[in-house]
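Working notes, structure below.
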Amino acid sequence: MEEKKEAKSRFKRVCVFCGSSPDYKYCYRKAAVDLGNELVSRGLDLVYGGGSVGLMGLISEEVHRGGRHVLGIIPKALMKKELIGVTLGEVKPVDHMHQRKAEMARNADCFIALPGGFGTLEELFEVTTWSQLGIHNKPVGLINVEGYYDPILNFIDKSIDEGFIYPSQRSIIVSASNAKELVQKLEYYVPSHDGVVAKAKWEAQEAEASTSDLKTETAP
């Protein structure tokens with residue numbers, strides 16, 4: 001039997017935001033499995049929130065089954081709630097939610113949101129804001145399963161109409177109805193908006209702040 005060849009990709013690791021609730025419709029389950037298969041077909045590794053329940057568990061299972069590396073980053077306080085049964089791949093416990101998001105962003109080349117709740121929306125909008133400010137230039141996408149994200153996309157359009165978001169920044173979030181189409185769009189994504197903060201300047205300030213924090217922690 002002839003083996004399937006992996007499609008070439010500009011990415012190495014994809015961060016996926018998604019719900020951990022065990023109650024969801026079949027279409028969302030299918031979207032998570034399809035995204036996992038698409039990542040595997042392109043030889044991409046997964047970075048995610050570390051849970052083994054809900055859509056989190058589904059996509060991690062699919063990517064791990066396909067032989068790709070899975071990195072789950074989870075706050076220690078959530079381990080009992082979101083880690084149930086067998087854990088797959090590498091699990092990295094962190095101290096708090098802010099550290100979780102920072103580590104997920106640092107380890108990924110792009111971001112994709114599946115359907116989810118408050119946590120998923122908060123993660124999606126944070127990386128979108130970082131892109132808006134120029135902190136990173138990594139692609140941000142969402143899979144709009146059966147119109148799930150239509151209200152969010154309409155809200156963004158309303159914000160543009162009311163002058164709270166620049167029209168050029170509408171392109172930060174890339175959307176598609178399925179995994180294959182979305183990943184293809186992200187492969188060709190080129191930032192077309194101007195960030196408020198230069199990326200190099202931001203990284204230099206972050207490095208300086210980290211060094212300062214380290215000195216404070218190790219001071220007698």
Side-chain angles (χ1 to χ4, degrees), residues 6-20 28 31-79 81-84 86-117 119-131 135-143 172-174 176 179-180 182-187 189 199 203 206 210:
E6 291 180 352
K8 290 184 178 180
S9 175
R10 62 185 278 201
F11 311 121
K12 292 183 179 179
R13 294 172 296 274
V14 176
C15 177
V16 175
F17 306 129
C18 56
S20 60
Y28 304 140
V33 172
D34 287 349
L35 178 56
N37 287 330
E38 185 64 24
L39 298 185
V40 171
S41 73
R42 292 175 178 269
L44 301 176
D45 296 331
L46 172 68
V47 180
Y48 80 118
S52 60
V53 293
L55 300 186
M56 278 193 193
L58 281 175
I59 190 167
S60 62
E61 287 174 12
E62 207 64 32
V63 174
H64 187 266
R65 185 184 297 117
R68 302 308 307 176
H69 186 257
V70 173
L71 172 61
I73 301 171
I74 185 169
K76 296 172 184 175
L78 293 180
M79 291 183 73
K81 178 183 178 182
E82 294 187 357
L83 281 179
I84 300 173
V86 179
T87 56
L88 301 173
E90 178 185 356
V91 177
K92 182 175 182 179
V94 293
D95 292 328
H96 47 73
M97 292 293 288
H98 297 297
Q99 188 178 359
R100 177 198 222 177
K101 291 182 291 184
E103 283 295 301
M104 289 169 74
R106 185 177 67 83
N107 281 280
D109 302 312
C110 73
F111 309 94
I112 293 177
L114 281 163
T120 300
L121 292 176
E122 190 266 346
E123 291 165 334
L124 171 64
F125 278 123
E126 181 148 12
V127 294
T128 300
T129 303
W130 290 350
S131 179
I135 295 170
H136 73 75
N137 57 8
K138 301 174 182 179
V140 179
L142 59 83
I143 300 180
I172 294 175
I173 296 181
V174 179
K180 190 175 188 64
L182 178 64
V183 175
Q184 190 68 16
K185 284 184 175 181
L186 295 179
E187 292 281 4
Y189 172 83
K199 184 172 182 290
E203 290 176 343
E206 286 288 284
S210 296

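For this chain, numbers begin at 1 and follow the sequence in order.
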Please report the C-alpha distance between Glu62 and Val40 in whole Å, then the side-chain angles of each, then the deciding distance to 0.1 Å, and finally whether the side chain to side chain contact (heavy atoms under 4.5 Å, CB included) criterion is met. CA-CA 8 Å; Glu62 207 64 32; Val40 171; 5.9 Å; no
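- Nearest approach of Val174 to Tyr189, heavy atoms of both residues: CG2-CD1, 3.7 Å.
- Side-chain atoms of Gln99 come within 3.5 Å of backbone N or O of Asp95 as a donor-acceptor pair.
- A distance of 9.0 Å separates CG in Leu71 from CZ in Arg13, rounded to the nearest 0.5 Å.
- The distance from the OG atom of Ser131 to the NZ atom of Lys138 is 11.0 Å, given to the nearest 0.5 Å.
- Nearest heavy atoms, Ser60 versus Gly51: OG-O, 4.3 Å.
- When all heavy atoms are compared, the tightest approach of Met104 to Gly49 is CE-N, 3.8 Å.
- More than 12 heavy atoms of other residues, nucleotides or ligands shown are found within 6.0 angstrom of NZ on Lys185.
- Closest approach of Ala32 to Leu58, counting heavy atoms only: CB-CB, 4.2 Å.
- You'll find the side chain of Pro75 stays beyond 4.5 Å of the side chain of His96, heavy atoms only.
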Please step through side chain to side chain contact (heavy atoms under 4.5 Å, CB included) for the pair Tyr28 and Leu114, ending with a clear verdict. CA-CA 8 Å; Tyr28 304 140; Leu114 281 163; over 6 Å; no
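- Atom NE2 of His98 has 12 or fewer neighbouring heavy atoms from other residues, nucleotides or ligands inside a 6.0 Å radius.
- Between atom CZ of residue Phe125 and atom OG1 of residue Thr120 there is a gap of 11.5 Å, rounded to the nearest 0.5 Å.
- The pair Glu103-Lys92 meets the salt-bridge criterion, since a charged nitrogen lies less than 4.0 angstrom from a carboxylate oxygen.
- Atom SG of residue Cys110 and atom CG of residue Leu44 lie 7.5 Å apart, to the nearest 0.5 angstrom.
- With respect to Arg68 and Asp45, a salt bridge is recorded, a charged nitrogen being found less than 4.0 Å from a carboxylate O.
- Residue Arg42 holds its CZ atom at 9.0 Å from CZ of Phe11, rounded to the nearest 0.5 Å.
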Could you give me the CA-CA distance, side-chain angles and deciding distance for Lys101 and Glu122, then say whether side chain to side chain contact (heavy atoms under 4.5 Å, CB included) is met? CA-CA 10 Å; Lys101 291 182 291 184; Glu122 190 266 346; 2.4 Å; yes
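- At distances below 3.5 Å, at least one donor-acceptor pair connects side-chain atoms of Arg10 with backbone N or O atoms of Leu186.
- Of all the heavy atoms in Lys76 and Pro93, the pair that sits closest is CG-CB, 3.9 Å.
- Ring geometry, His136 versus Trp130: the interplanar angle exceeds 60°, so the pair is classed perpendicular (tilted spans 30 to 60°).
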Stepwise, does the side chain to side chain contact (heavy atoms under 4.5 Å, CB included) test hold for Leu182 with Ile112? CA-CA 9 Å; Leu182 178 64; Ile112 293 177; 3.8 Å; yes
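- Partners of Glu61 according to the salt bridge (Lys or Arg N to Asp or Glu O under 4.0 Å) rule, which considers only residues two or more places apart in sequence or in another chain, do not exist here.
- To the nearest 0.5 angstrom, Ile73 atom CD1 is 10.5 Å from Tyr48 atom OH.
- Between Leu142 and Leu124, the closest side-chain pair of non-hydrogen atoms falls below 4.5 Å.
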